[in-house]
Amino acid sequence: MTKRALITGITGQDGSYLAELLLEKGYEVHGLVRRSSSFNRGRIDPIYLDPANQGRLTLHYGDMTDSTSLINVVRESRPDEVYNLAAQSHVAVSFEMPEYTASADAMGAIRLLEAIRQNAPEARFYQASTSEMFGLTPPPQHEGTQFHPRSPYGAAKLHAHWATINYREAYGLYAVSGILFNHESPRRGESFVTRKITRAVAAITTGRATSVTLGNLEAVRDWGYAKEYVEGMWRMLQQDVPGDYVLATGVGTTVRDFAEMAFSHAGLDWREHVETDPRFERPSEVPELLGDATRAAAELGWKATTTVRQLAGLMVDADIALLG
């Protein structure tokens, strides 16, 4: 029988890659989309409009802040697997909108878990947790590392993470959390630092700009390729016993070094084009996130293969092509 999957956040970077993966595996895919007066489906439309996917990809209107819409989509889609990727996922924005971030990211996960518990208790549930939950805890960070979030986003995601564990333990749901470290791609949102850098490289290369302004250049992050990470999400839901897993490359890179890689890929010297402004720094910074994905390698057979330099290059090439 054809498996059915429900993806919240299907219009995002991870949601679009996951939809492609599941369709390739023969799934019937349902996606939750927020209603808006303007279309924001650039990542999912090529997949949705592909004739090969007609009748296999269905989009439903709904919102993580609205219980009724979540109950309805679970009832209508009758999923075997649910991937909760929807979130207000921008760390800096979460300081400006902490209440909304908590409602969408923390309570949204609980609303969805409750909808599953009541209407599809046999469905397997994936919660998109984040390395931002570790925050100030020194690296390397793994599944047993203490959490110390440093933003409303990290705190909201930690709430959802523990709620997922609670629903697994209290109700016997097959519920897992993927603690993913930073993962990027040409589909990354334009306000995130990696994409901000690669878009700037493209704009400078094509004569549309001369510089880009960034915040903390010394922050260290573990950057991988999003397309590889969705494979890890899927593998988590195929295990006999549910468990939580870190997905990461195990390599730390500063924002400064990522900028150097991106600019040098286009034959530019980053020092001639990068400016800094403290306004782009966060009220409480996370100095270093560096993941240990040993468990994922051993139990899921998953390992990141794209290096951060390769990632920077493919993002730059995609943004240059986008500008024509």
Side-chain angles (χ1 to χ4, degrees), residues 2-23 25 27-50 53-90 100-130 153 156-157 159-160 163-164 167 173-178 180 187 189 226 229-230 233-234 236-237:
T2 301
K3 279 190 175 182
R4 288 186 298 274
L6 170 62
I7 305 172
T8 70
I10 195 170
T11 59
Q13 168 189 253
D14 292 3
S16 62
Y17 280 124
L18 180 60
E20 285 180 329
L21 176 72
L22 296 180
L23 288 166
K25 292 182 179 294
Y27 279 65
E28 176 186 321
V29 177
H30 295 257
L32 189 71
V33 178
R34 281 188 299 170
R35 179 69 177 91
S36 173
S37 58
S38 58
F39 283 102
N40 185 25
R41 301 185 188 177
R43 300 180 184 95
I44 198 69
D45 267 349
I47 308 167
Y48 182 66
L49 298 175
D50 186 337
N53 296 326
Q54 295 304 302
R56 301 177 58 225
L57 175 58
T58 304
L59 302 180
H60 306 258
Y61 284 124
D63 196 289
M64 298 304 293
T65 64
D66 178 47
S67 297
T68 300
S69 67
L70 297 181
I71 291 169
N72 287 340
V73 74
V74 169
R75 286 177 175 172
E76 292 170 14
S77 61
R78 296 174 291 115
D80 299 296
E81 298 173 1
V82 179
Y83 297 85
N84 183 30
L85 310 185
Q88 190 302 99
S89 59
H90 200 284
Y100 174 75
T101 300
S103 181
D105 298 8
M107 292 307 300
I110 292 174
R111 294 181 189 107
L112 183 55
L113 280 162
E114 192 61 19
I116 292 168
R117 184 180 75 85
Q118 295 186 24
N119 299 282
E122 300 303 316
R124 296 189 170 196
F125 175 80
Y126 172 87
Q127 167 61 23
S129 289
T130 170
Y153 169 70
K157 281 291 194 175
H159 186 165
T164 300
Y167 270 74
L173 294 187
Y174 190 110
V176 309
S177 285
L180 272 57
R187 299 181 189 178
Y229 281 53
V230 299
M233 298 177 189
W234 175 78
M236 289 181 207
L237 293 193

Participant: Which pair of non-hydrogen atoms, one from Gly9 and one from Ala86, has the smallest distance, and what is that distance?
Facilitator: N-CB, 3.6 Å

Participant: Using the side chain to side chain contact (heavy atoms under 4.5 Å, CB included) criterion, which residues pair with Glu76? Sequence neighbours excluded.
Facilitator: His60, Asn72

Participant: Return the set of residues passing side chain to side chain donor-acceptor pair (under 3.5 Å) with Thr68 (not counting sequence neighbours), or none when no residue passes.
Facilitator: none

Participant: What do the steps show when you test Glu28 against Lys3 for salt bridge (Lys or Arg N to Asp or Glu O under 4.0 Å), and what is the final call?
Facilitator: CA-CA 6 Å; Glu28 176 186 321; Lys3 279 190 175 182; over 6 Å; no

Participant: If we ignore angles and hydrogens, is there a donor and acceptor under 3.5 Å between the side chains of Glu114 and Tyr167?
Facilitator: yes

Participant: Of all residues at least two apart in sequence or in a different chain, which pass the salt bridge (charged side-chain N to carboxylate O under 4.0 Å, His left out) check with Glu20?
Facilitator: Arg187

Participant: For Asp50, check side chain to side chain donor-acceptor pair (under 3.5 Å) against everything at least two apart and list the hits.
Facilitator: none

Participant: Taking the side chain as everything from C-beta on, heavy atoms only, tell me whether Phe125 gets closer than 4.5 Å to Leu112.
Facilitator: yes

Participant: Test of understanding: with ring pair (Phe, Tyr, Trp, His ring centres under 6.0 Å), list the residues that count as partners of His159, not counting sequence neighbours.
Facilitator: none

Participant: With Arg4, which residues qualify under side chain to side chain donor-acceptor pair (under 3.5 Å), at least two apart?
Facilitator: none

Participant: Any heavy-atom pair between the side chains of Leu237 and Val176 that's under 4.5 Å?
Facilitator: yes

Participant: Could you tell me which residues satisfy side chain to side chain contact (heavy atoms under 4.5 Å, CB included) with Ser103, sequence neighbours excluded, listed by chain and number?
Facilitator: Thr65, Arg111

Participant: Excluding sequence neighbours, so at least two apart, what forms side chain to side chain contact (heavy atoms under 4.5 Å, CB included) with Thr11?
Facilitator: Val33, Arg41, Ile44

Participant: Could you tell me which residues satisfy side chain to side chain contact (heavy atoms under 4.5 Å, CB included) with Ser69, sequence neighbours excluded, listed by chain and number?
Facilitator: Asp66

Participant: For Asn84 and Gln127, does a side-chain donor sit closer than 3.5 Å to a side-chain acceptor?
Facilitator: yes

Participant: Run the ring pair (Phe, Tyr, Trp, His ring centres under 6.0 Å) test against Tyr48 and tell me which residues pass, sequence neighbours left out.
Facilitator: none

Participant: Is the CD atom of Gln54 crowded by more than 12 outside heavy atoms at less than 6.0 Å?
Facilitator: yes

Participant: Test of understanding: with side chain to side chain donor-acceptor pair (under 3.5 Å), list the residues that count as partners of Ser89, not counting sequence neighbours.
Facilitator: none

Participant: Who passes ring pair (Phe, Tyr, Trp, His ring centres under 6.0 Å) against Tyr229, sequence neighbours left out?
Facilitator: His183, Trp302

Participant: Of the non-hydrogen atoms in Ala163 and Ile110, which two are nearest, and what is the gap between them?
Facilitator: CB-CG1, 3.7 Å

